[in-house]
2 protein chains.
Amino acid sequence: MTRRHDPHRRQRIIEAAVEVISESGLAALTHRTAAARADVPLGSTTYHFLSLDELLDAAVHTVAERNVARLREWALSLPAQADLSTELAGFIVLLAGEHRQTSVLAYELYGGALRRPALRAASTSWDEMLTEVFESTVDAATARALTAMFNGLLYQALVSPGKPEQADLEQVLRRLLD
Amino acid sequence: MTRRHDPHRRQRIIEAAVEVISESGLAALTHRTAAARADVPLGSTTYHFLSLDELLDAAVHTVAERNVARLREWALSLPAQADLSTELAGFIVLLAGEHRQTSVLAYELYGGALRRPALRAASTSWDEMLTEVFESTVDAATARALTAMFNGLLYQALVSPGKPEQADLEQVLRRLLD
DNA sequence: CCGGAGAATGTACGCACGTACACATCCCCG
DNA sequence: CGGGGATGTGTACGTGCGTACATTCTCCGG
């Protein structure tokens, strides 16, 4: 039962922390919730992470990396002659639906980054990747506009009850892209 | 010294709570911080508010009302033939500069609203007022696009160090509005 | 003018938290 | 193969929190 030797203990704790903040939010992460989730004793989390902030940083960094990776994959999977408005509207629907939990956490991080510099890298890397992706298709100013608009639309989709309508989103995006 | 009778005690506590969350964030609001800020004993906050959530709700409601009022005032002060891109860029600079504290709180509320339904009304009312203002100038879909973009741009301005450049913002906004 | 209802106060309780630390265990290398 | 450093564990301490509540005070209506 007791896993006395566990070479991946540290990584497992980070993974547990990611699960906790994904499901229950940043405020829910404590040494105890992470330890319970990872099925390790309390002392283990304080041994591997000198402070709770250090654990939070590791978890947030992991989440940010995965978000950016997902975005990159999506961009690479786009058809060559794709209509950006259609594709982006579909991506928003996907992120607000199937990947809702991750997206909610992303915008919770957004809000938190305004007061906690440690979280800033996560939101910045997301914005930079968005702009980078868009700049391969449109000019720099439009890419910046699109990044801002994408974030605004995705947030609205997340905060509103019910599924967003892809057709509506597409129409709105066309105001900028057509 | 002891103010045994105070007809506006409840309102003063709400005001203190607004100050606390404006300066130090949502997480900083406790019965004790609010009481200290209002210069009343701890028992006073628990007497006037059955729970901390009730106090938080009152404070958030107050903040949301003021934000919406400021937005309405700004809209009414616009010159008749104003260029919307220029004016909006200036408004973003103003909100990210002089009114930074309030704006930071607004987007902290945005993030929090995703997990705490009690905060949702605050972010929703802001979005609705924005869209309402824009619809007096542009069509509905553009207004929605502009609301999303405005929020995205203002957030970026808040999270980035240094003052945003009004000319840059204006150029980005023109991608949608021209 | 006085009594009671509402307002105000101070204290206390129980809980969850971050962190520290003494002790147990394990692996690896000399 | 044995010892030492890294790893793992359980417990305890101090703090700040939300909340409850008995007590004191203040005002005002009859």
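Just so we're on the same page: letters track the sequence lines, and every chain starts at 1. We use all heavy atoms of the structure for the numbers below, so side chains are in, but hydrogens, waters and symmetry mates are not.
- Under a hydrophobic-cluster definition in which Ile, Leu, Val, Met, Phe, Trp and Tyr are linked whenever side-chain heavy atoms come within less than 4.5 Å, directly or via other members, B/Val63 and B/Val68 are assigned to different clusters.
- Side-chain atoms of B/Arg32 stay outside donor-acceptor range of the base of D/dG16, with no qualifying N/O pair under 3.5 Å.
- With sequence neighbours excluded, the residues forming a side chain to side chain contact (heavy atoms under 4.5 Å, CB included) with B/Ala75 are B/Val133, listed by chain and number.
- Under the salt bridge (Lys or Arg N to Asp or Glu O under 4.0 Å) criterion, no residue pair touches residues 122-133 of chain A, with sequence neighbours excluded.
- Of the residues in residues 43-63 of chain A, those with a non-hydrogen atom less than 4.0 angstrom from any atom of DNA chain C are A/Thr46, A/Ser51, A/Leu52.
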Less than 3.5 Å apart, which donor and acceptor atoms pair up between the side chains of residues 16-30 of chain B and the rest of the protein, not counting sequence neighbours?
from: B/Glu19; atom 1: OE1; to: B/Arg37; atom 2: NE; distance (Å): 2.6
from: B/Glu19; atom 1: OE1; to: B/Arg37; atom 2: NH2; distance (Å): 2.9
from: B/Ser22; atom 1: OG; to: B/Val18; atom 2: O; distance (Å): 2.8
from: B/Glu23; atom 1: OE1; to: B/Arg37; atom 2: NH1; distance (Å): 2.9
from: B/Glu23; atom 1: OE2; to: B/Arg37; atom 2: NH1; distance (Å): 3.3
from: B/Glu23; atom 1: OE2; to: B/Arg37; atom 2: NH2; distance (Å): 3.0
from: B/Thr30; atom 1: OG1; to: B/Arg32; atom 2: N; distance (Å): 3.2
from: B/Thr30; atom 1: OG1; to: B/Thr33; atom 2: N; distance (Å): 3.0
from: B/Thr30; atom 1: OG1; to: B/Thr33; atom 2: OG1; distance (Å): 3.3

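- Between C/dT11, C/dG18, C/dT9, one nucleotide has an atom nearer to the side chain of B/Arg9 than all others, and that is C/dT9.
- Side chain of A/Ser160 to backbone of A/Ala157: no donor-acceptor contact under 3.5 angstrom is found.
- Sequence neighbours left out, the pairs with a member in residues 151-176 of chain A that pass salt bridge (Lys or Arg N to Asp or Glu O under 4.0 Å) are A/Asp83-A/Arg174, A/Glu170-A/Arg174, A/Arg174-A/Asp178, A/Arg175-B/Asp139.
- Applying the ring pair (Phe, Tyr, Trp, His ring centres under 6.0 Å) rule to pairs touching residues 153-178 of chain B yields A/Tyr110-B/Tyr155, sequence neighbours excluded.
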Report summary line: Protein heavy-atom contacts under 4.0 Å, written 5' to 3' over nucleotides 25-30 of chain C as B (base), S (sugar-phosphate only) or - (none), form the string SSS---
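- Applying a 4.0 Å cut-off to non-hydrogen atoms, none of the residues of residues 19-31 of chain A approaches DNA chain D.
- Distance, B/Asp6 CG to C/dG6 C1': 14 Å, rounded to whole Å.
- Judged as a salt bridge (Lys or Arg N to Asp or Glu O under 4.0 Å), the pairs with a partner in residues 53-68 of chain A (not counting sequence neighbours) are, in order, A/Glu15-A/Arg66, A/Asp53-A/Arg116.
- Applying the ring pair (Phe, Tyr, Trp, His ring centres under 6.0 Å) definition to pairs two or more places apart or across chains, those involving residues 59-78 of chain A are A/Trp74-A/Phe91.
- Annotation: side chain to side chain contact (heavy atoms under 4.5 Å, CB included) contacts of A/Thr131 (sequence neighbours excluded): A/Glu135, A/Ala143, A/Thr147.
- As rounded to whole Å, 14 Å separates atom C1' of C/dA7 from atom CZ of B/Arg12.
- The CG atom of A/Leu42 sits 15 Å away from the P atom of C/dC21 (whole-angstrom rounding).
- In terms of the side chain to side chain contact (heavy atoms under 4.5 Å, CB included) criterion, residue partners of A/Val104 (sequence neighbours excluded) are, by chain and number, A/Arg100, A/Leu158, B/Leu114, B/Arg115.
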